[in-house]
Amino acid sequence: MFALYITHPQVLIDPAVPVPDWALSERGRERALLAADADWARQIGRFVASTERKAIETANILAGGRIPVETDHAMGENDRSATGFLPPPAFEAAADEFFAHPETSFRGWERAVDAQARIVAAVERVLAGHDPTVPIAFVGHGGVGTLLKCHLKGTPIRRDGDQPGGGGNLFAFRLADRAVTCDWTPIESWKGF
């Protein structure tokens, strides 16, 4: 059976609102609704999301009311609260540093190695008690999703494995051996297994 790691699509960026409280934008909601109509979304028997609003909204749209969405605080994005909101160009430069120097904190951010250990432990904790015959989707964020994918592929932490801009992508892996079977793909265009 398989698992998916899904990143939330576009959000309403508001510097006055804490990042964990950002909601999906209209475009993000549209993309999630398109994906929810796909056969693969209806095959998912369990959704586990981070506790951030945008991830919960995405998971609820994909679940379509069929099943409840579970949440796990440990699946949150890397902690960037030390810098607060950074405008897009400054954020991209900071993200470059985050991935390029995984054992060093960028201006107080959670280190990439620590965020990777946290997301891997969260996913493995969920899967330890999961029925392996049931497809599962983890819904979260691009940074920690990339760190998880690097771990599953056995590759060093590097940004060249990051999702395309805008969010709303997924990768798939087998539950039996945790092998990645599909690289980042937009949620609305993935054809499933």
Once rounded to the nearest 0.5 Å, what's the spacing between atom [atom1] of [X] and atom [atom2] of [Y]?
X	Y	atom1	atom2	result
Arg125	Met75	CZ	CE	10.0 Å
Phe173	Cys182	CZ	SG	12.0 Å
His141	Thr58	NE2	OG1	9.0 Å
Ile157	Asp162	CD1	CG	12.0 Å
Phe106	Phe99	CZ	CZ	13.5 Å
Ile119	Asp72	CD1	CG	8.0 Å

Does a side-chain heavy-atom distance below 4.5 Å link [X] with [Y]?
X	Y	answer
Phe138	Leu127	yes
Arg118	Val144	yes
Leu62	Ile44	no
Arg80	Trp109	yes
Arg31	Pro186	yes
Phe47	Arg66	yes
Gln116	Pro102	no
Arg178	Glu124	yes

Taking [Y] as the starting point, is it possible to reach [X] by hopping between hydrophobic residues whose side chains are less than 4.5 Å apart?
X	Y	answer
Val126	Val69	yes
Ile187	Phe2	yes
Leu4	Leu33	no
Val139	Leu34	no
Ile56	Val48	no

With no hydrogens and no angle check, is any side-chain donor or acceptor of [X] less than 3.5 Å from a backbone partner on [Y]?
X	Y	result
Arg29	Ile61	no
Glu52	Glu77	yes
Gln163	Trp184	no
Arg46	Pro135	no
Lys149	Gly161	yes
Arg111	Glu103	yes

What are the two closest heavy atoms between [X] and [Y], and how far apart are they?
X	Y	result
Ser50	Ala55	OG-CB, 3.5 Å
Ala172	Trp190	CB-CZ2, 4.3 Å
Val134	Leu175	O-CD1, 3.9 Å
Gly145	Phe171	O-CE2, 3.5 Å
Thr146	Arg158	CG2-O, 4.2 Å
Ile13	Trp22	CG2-CH2, 3.6 Å

Exercise. Salt bridge between Lys54 and Glu57, side-chain N to carboxylate O under 4.0 Å?
Worked result: no
Exercise. What residue among Leu152, Thr155, Leu148 forms side-chain contact (heavy atoms from CB on, under 4.5 Å) with Val180?
Worked result: Leu152
Exercise. Applying the side-chain contact (heavy atoms from CB on, under 4.5 Å) test to Asn169, which of Asp183, Thr7, Ile6 qualifies?
Worked result: Thr7
For this session: Would you please name every residue forming a side chain to side chain donor-acceptor pair (under 3.5 Å) with Thr104, sequence neighbours left out?
Result: none
For this session: Assess whether atom CZ of Arg27 is packed by more than 12 heavy atoms of other residues, nucleotides or ligands within 6.0 Å.
Result: yes
For this session: Apply the test side-chain contact (heavy atoms from CB on, under 4.5 Å) to residues Val11 and Ser25: give CA-CA distance (whole Å), side-chain angles for both, the deciding distance (0.1 Å), then the verdict.
Result: CA-CA 4 Å; Val11 297; Ser25 67; 5.7 Å; no
